[in-house]
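Please read the structure below before turning to the comments.
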Protein chains: 2
Amino acid sequence: MQRLLGNLRIQIPEQLYVKDPDSSDLGKKIVEHSILLIEELGFESFTFKKLGIAIGSPESTVYRYFENKHKLLLYLTSWYWGWLEYKVAFATANIKSCEQQLENSIRAICETVEEDQDFSHINEEKLQKIVISESSKAFLTKEIDSENKNGYFQSYKNLVERLEGIISGLNPQYPFPKTLASTLLESNHLQKFFGAHIPGITDIAHSDEDVIAFFKSMTFSTLNYGS
Amino acid sequence: MQRLLGNLRIQIPEQLYVKDPDSSDLGKKIVEHSILLIEELGFESFTFKKLGIAIGSPESTVYRYFENKHKLLLYLTSWYWGWLEYKVAFATANIKSCEQQLENSIRAICETVEEDQDFSHINEEKLQKIVISESSKAFLTKEIDSENKNGYFQSYKNLVERLEGIISGLNPQYPFPKTLASTLLESNHLQKFFGAHIPGITDIAHSDEDVIAFFKSMTFSTLNYGS
DNA sequence: CAAATATAATAGTATTACTATCATAACTGC
DNA sequence: GCAGTTATGATAGTAATACTATTATATTTG
């Protein structure tokens, strides 16, 4: 995909941070190194103490930006969803054919990020790996209802809504556009994870093309547009 | 679904426990109360200490059966997959039509367990809730590769293989039978969870019929058997 | 009945996930 | 260029978690 606009900002629900990490160098450093560390250690072994050491600041400083590591994960995943929505919007802009719009969206969703892009301190490649392995832990909690009520998942909803529009554009009668959209998003991660780690339960190998072929076939036939 | 056979045993990979919990009353009590507690508290807040209190035994006793709570979760999910495979096998036995076999399998997968069934100390209703909210945490870890190598996910693989056979029976040319099977299993959980907790990203309400309709349509059209 | 095994009772340890306090540095308004 | 505010650093402390270890007492088995 083409480079993104340098001065673009991804909007994150402000309930997710104590102090906007985008408002200071230290904040950006916290986000930057949290991505590197979570990718390296996994979310369970990641701690604010280790993050403090990585950025050369005491643990307590991290707490001035994020209440806890769960909220930090929500922040990172929200950033990713916002970024992906932007990618989808870009990939479908000026495309007349609904079919083509949906195909481009599927590609945007399933494409593995190969290199660091433009958002300065955010390493999109590693962030995508985090989202694949850790993002579902951000909502599979006992606090889900109150957190959803508080708008913690707004970025995800926005993305699903955008995809819903594209799906309904292609087949306005289809009764499950949102379900299809969220299935696409989540299953993409799961299948990539299975392909890399539990190959016995998927036919997906390592190339993106397998995943894309699977989801294109699934989506278009479900919508009665036999691909 | 009809009652299951009383004297049936679900086989669990023995790497998942230190001592077979099925071999003693205390072991069964541990499993029984772990289901109740995890369902109540969520996996993050569940501890062996609390479990010890629930069964009136010291924490250290629990450790004699399970190395840690992660392995206990793997044990419980393996049990569930084994049980579901049994349900699928039963629901497709003596059915000639591949189409009908697949439809029955989808129903078996998506059916919400309404009441406690036959396996004495296991509360299937609560176990299913646990599987919906917690099971993905059992594989989304940094230890996945070695654990997969050690056979921790054998029960899941068996189930996917069985579904693969049914899918390939209907359309032997379809290139992604395992991917479709695992997508079905995982997406069913996610969509149920979304329906209950993040309704904005799904069209699924609370009845099983929505989920079943979605997955039937998705599966049959993908396999070129327009439902 | 002896020996092995299972469980209970209790203690201890490193780490985690915070919270609190105080000092100092840096920026802001006037 | 100084006063006041705000951000960060340095350090300490605490309850809970995830274990490990030890010893005593039941219970089962040969």
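The sequence lines fix the lettering, A, B, ..., with proteins before strands; numbering per chain opens at 1. Only heavy atoms go into these numbers, but all of them, side chains included; no hydrogens, no water, no symmetry mates.
Geometrically, B:Lys137 does not engage B:Phe43 in a cation-pi contact, judged by NZ or CZ lying under 6.0 Å from the ring centre and within 45° of the ring axis.
Between B:Arg64 atom CZ and C:dA4 atom P there is a gap of 18 Å when expressed in whole angstrom units. The CG-C1' distance, from A:Leu72 to C:dC18, rounds to 15 Å in whole Å. A:Asp25 has its CG atom 20 Å from the P atom of D:dT6, to the nearest Å. One can place CZ of A:Phe66 at 17 Å from C1' of C:dA17, the figure rounded to the nearest angstrom. If you take CG of B:Leu26 and P of D:dA26, they are 17 Å apart, rounded to a whole angstrom.
More than 12 heavy atoms of other residues, nucleotides or ligands lie within 6.0 Å of NZ in A:Lys142, so this atom counts as buried by the packing criterion.
For A:Lys19, a side-chain nitrogen or oxygen approaches OP1 or OP2 of D:dT8 to under 4.0 Å. An OP1 or OP2 oxygen of C:dT7 is reached within less than 4.0 angstrom by no side-chain nitrogen or oxygen of B:Thr61. Applying the 4.0 Å criterion to OP1 and OP2 of D:dG9, one finds that A:Ser57 has a side-chain N or O inside that range. Between A:Tyr65 and the phosphate of D:dA7, there is no side-chain N or O to OP1/OP2 separation shorter than 4.0 Å.
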Begin from the C-alpha positions of A:Lys126 and A:Leu37 and carry the test side chain to side chain contact (heavy atoms under 4.5 Å, CB included) through to its verdict. CA-CA 10 Å; A:Lys126 296 199 171 174; A:Leu37 262 182; over 6 Å; no

Between A:Leu185 and A:Tyr156, does a side chain to side chain contact (heavy atoms under 4.5 Å, CB included) hold up when you go through it step by step? CA-CA 10 Å; A:Leu185 291 169; A:Tyr156 197 15; 3.5 Å; yes

Are A:Phe48 and A:Phe66 close enough, and set up right, to give a side chain to side chain contact (heavy atoms under 4.5 Å, CB included), and what steps lead you there? CA-CA 10 Å; A:Phe48 276 7; A:Phe66 294 101; 4.1 Å; yes

Show, in sequence, the C-alpha distance, side-chain angles and deciding distance for B:Glu32 and B:Asn123, and conclude whether the side chain to side chain contact (heavy atoms under 4.5 Å, CB included) test is met. CA-CA 7 Å; B:Glu32 180 187 356; B:Asn123 182 325; over 6 Å; no

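Minimum atom distance to the side chain of A:Ser24 is reached by D:dT8, of the listed D:dA10, D:dT8, C:dA9.
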Which side-chain N or O atoms in residues 194-208 of chain B pair as donor and acceptor under 3.5 Å with protein atoms at least two apart or in another chain?
unit_1	atom_1	unit_2	atom_2	d
B:His197	ND1	A:Asp145	OD1	2.7
B:His197	ND1	A:Asp145	OD2	3.4
B:Thr202	OG1	A:Thr179	OG1	2.9
B:Thr202	OG1	B:Gln191	OE1	2.7
B:Thr202	OG1	B:Ile204	N	3.2
B:Asp203	OD2	A:Lys178	N	2.8
B:Asp203	OD2	A:Thr179	N	2.8
B:Asp203	OD2	A:Thr179	OG1	3.2
B:Ser207	OG	B:Glu209	N	2.9
B:Asp208	OD1	B:Thr112	OG1	2.6
B:Asp208	OD2	B:Thr112	N	2.6
B:Asp208	OD2	B:Thr112	OG1	3.3

Enumerate, atom names and distances included, each donor-acceptor pair closer than 3.5 Å involving a side-chain atom of residues 10-19 of chain B, sequence neighbours excluded.
unit_1	atom_1	unit_2	atom_2	d
B:Gln15	NE2	B:Asn150	O	2.3

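Qualifying salt bridge (Lys or Arg N to Asp or Glu O under 4.0 Å) partners for A:Glu67, counting only residues two or more places apart in sequence or in other chains: A:Lys71.
Between the side chain of A:Asn188 and the backbone N or O of A:Ile109 there is at least one donor-acceptor pair closer than 3.5 Å.
Of the residues in residues 141-152 of chain A, not one comes within less than 4.0 Å of DNA chain D through any heavy atom. Contact check of residues 28-36 of chain A against DNA chain C (heavy atom, cut-off under 4.0 Å) returns no residues at all.
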What pairs of nitrogen or oxygen atoms, one from the protein and one from nucleotides 15-20 of chain D, lie under 3.5 Å apart?
unit_1	atom_1	unit_2	atom_2	d
D:dC19	O5'	B:Tyr63	OH	3.1
D:dC19	N4	B:Glu59	OE1	3.1

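You'll find the ring centres of B:Tyr86 and B:Trp83 outside the 6.0 Å limit.
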